[in-house]
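Report on the structure given below.
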Amino acid sequence: MSRGEQIKAPRGTFDVLAEQAGVRASLEGSARKLLEGAGYERIETPVLEATELFARGVGASTDIVQKEMFTLEDGGGRSLALRPEGTAPICRAYVEHGMHKRKQPVKLWYLSNFFRHERAQAGRYRQFWQVGAEALGSEDPAVDAESIVLLAALLGELGVREVRLRLSSLGSGESRAAYRELLQAHLRAHEASLSEEVRGRIELNPLRAFDSDHEGTRRVMANAPRLLDHLDDDDAEHFAQVRELLDVAEVPYEVDPTLVRGLDYYTRTVFEFTSDALGAQSGVGGGGRYDGLVEKIKGTASGGEIMKGPPTHGPTTPGIGWATGIERILLAGEPAPVAASPVDLFVALGEGGEIRKASFAVLGDARSAGLTAQMELAGRSLKGQLGLANALGARYVAIVEGEETVLKDMQGGGQERLATDTVVHAVLRALRDL
Ligand code: AMP
């Protein structure tokens with residue numbers, strides 16, 4: 001950037017101005033009501049985490065870790081990352097705060113900003129916001145179903161249009177490992193038709209081949225073995241129960257055996273909500289089960305310290321969660337109109353000496369008494385001040401003239417002259433009697 005050039009917000013980031021802030025606040029209110037009503041507690045984790053947390057948690061072979069993290073070094077040579085997602089930090093916090101000792105599952109929700117070095121376009125930003133919900137410590141299929149039902153309810157309440165839910169199971173353990181070998185053999189047998197990227201990932205992350213939009217790869221994947229046909233009995237039963245409970249809740253879904261998600265940690269249930277009202281970036285929210293993620297990231301505290309937590313041996317900590325993008329919800333939804341805050345009293349500066357001090361005192365008294373109040377701050381004429389009060393929709397205007405004040409009723413039209421120190425009382429009384 002040359003000297004003197006106007007400085008703008010960095011590519012892929014944006015300012016949230018008043019009207020949008022209001023819509024976002026109302027969205028946050030809906031999420032809070034729904035999730036806290038279901039026993040989810042709010043959590044805030046730091047924007048900065050040890051880079052290692054995501055490398056271990058999200059997976060070294062994922063796009064997020066390979067290409068999209070904003071990283072920096074602290075003074076001690078440690079690598080820190082601006083968080084690209086919320087699940088790994090929550091698993092870290094679960095271990096760091098000994099939450100395995102609490103009643104399980106521990107249910108947590110967040111509304112936070114995340115950072116990914118992506119090619120910015122409509123619906124895809126470098127700083128974006130997500131509401132997320134995570135339930136740790138139980139593998140009961142009812143936790144999966146409840147989690148999915150809550151996201152469906154949230155998107156419904158926020159008016160997200162033309163929503164579809166796709167669902168699958170990625171299995172776990174040995175059957176998943178056996179399937180992986182089967183898929184790798186299929187990919188190797190057709191290596192010449194695959195995209196370079198998919199070919200490069202056969203060893204590390206063969207499942208991602210299902211996500212490719214490369215023509216040749218898609219043809220190869222159309223005949224690839226499907227994980228859903230290779231689940232072991234426990235995983236198949238788990239998936240069947242999740243589906244049964246979604247049917248009970250009357251949440252429609254389609255089973256999509258090609259559904260894989262961009263993060264390595266998923267096991268068993270995975271799901272994604274899309275909206276046909278969105279363009280190319282049609283994902284509104286998604287998630288899945290991540291049994292074993294907690295164990296994977298143990299040893300990575302926020303500052304990189306070794307962590308104490310659940311025993312390293314023994315059963316792994318199950319978990320499931322989702323995240324939904326606020327900007328996508330706003331693009332695909334019908335945001336609730338937000339009423340502007342009312343102004344009970346506008347304090348105007350009348351004629352006379354020391355008016356600013358007397359006005360400032362009235363402003364303070366009004367706010368202490370619980371009124372919403374604003375004061376003239378830009379040296380306008382009295383006419384200009386009344387115009388501003390009108391534009392703000394102020395219910396009353398106090399024109400302070402020293403020891404006396406003219407109190408104007410902006411709706412009723414009347415006015416009266418009062419001792420300045422009784423003005424706030426008069427407004428309170430009038431509002432009470434309305
Ligand atoms: P993910 O964490 O990748 O599973 O994404 C979950 C949701 O977050 C997506 O369905 C989107 O709604 C949203 N999201 C992910 N990445 C971005 C981005 N770069 N810009 C805006 N929203 C995003």
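In listed order, ligands and their atoms are each counted from 1.
- The residue from R116, R201, R119 that alone fulfils the salt bridge (charged side-chain N to carboxylate O under 4.0 Å, His left out) condition with D63 is R201.
- Between H186 and H190, the angle of the ring planes lies from 30° to 60°, which puts this pair in the tilted group.
- Less than 4.0 angstrom separates some heavy atom of E118 from each of these atoms of ligand 1: 16 (N), 18 (C), 19 (N).
- Residue A323 approaches ligand 1 through these ligand atoms, each under 4.0 Å from one of its heavy atoms: 6 (C), 7 (C).
- Protein heavy atom nearest atom 4 (O) of ligand 1, with residue, atom name and distance: R261 NH2, 2.4 Å.
- The aromatic rings of H117 and F70 are tilted relative to each other, their planes meeting at an angle between 30° and 60°.
- H230 contributes atom NE2, which lies 11.5 Å from atom CZ of R226 (distance to the nearest 0.5 angstrom).
- Within the cation-pi definition used here (under 6.0 Å to the ring centroid, within 45° of the axis), R42 qualifies as a partner of W109.
- Below 3.5 Å of separation, one finds an N or O of G325 facing an N or O of ligand 1.
- Protein heavy atom closest to atom 21 (C) of ligand 1, with residue, atom name and distance, is G123 O, 3.3 Å.
- A cation-pi arrangement is absent between R126 and F128 under the rule of less than 6.0 angstrom and at most 45 degrees off the ring axis.
- Looking at ligand 1, you won't find any N or O of E327 less than 3.5 Å from one of its N or O atoms.
- Under 4.0 angstrom from ligand 1, the non-hydrogen atoms of V284 all belong to its backbone.
- From the protein, the heavy atom lying nearest to atom 23 (C) of ligand 1 is F128 CD1, 3.5 Å.
- Remark: ligand 1 and Y125 share an N or O pair separated by less than 3.5 Å (distance only, no angle test).
- Partners of T372 by side chain to side chain contact (heavy atoms under 4.5 Å, CB included), not counting sequence neighbours, listed by chain and number: D344.
- Side-chain contact annotation: E52 with S79, donor-acceptor N/O pair under 3.5 Å absent.
- Nearest to atom 2 (O) of ligand 1 by heavy-atom distance, out of R328, R126, R116, is R116.
- In terms of polar-atom proximity, defined here as any N/O pair under 3.5 Å, G285 does make such a contact with ligand 1.
- Those atoms of ligand 1 that come under 4.0 Å of a heavy atom in G283, given as number and element, are 10 (O), 11 (C), 12 (O).
- For E376, the salt bridge (charged side-chain N to carboxylate O under 4.0 Å, His left out) test picks out R380, with sequence neighbours left out.
- At a 4.0 Å cut-off, at least one heavy atom of Q130 sits close enough to ligand 1 to count as contact.
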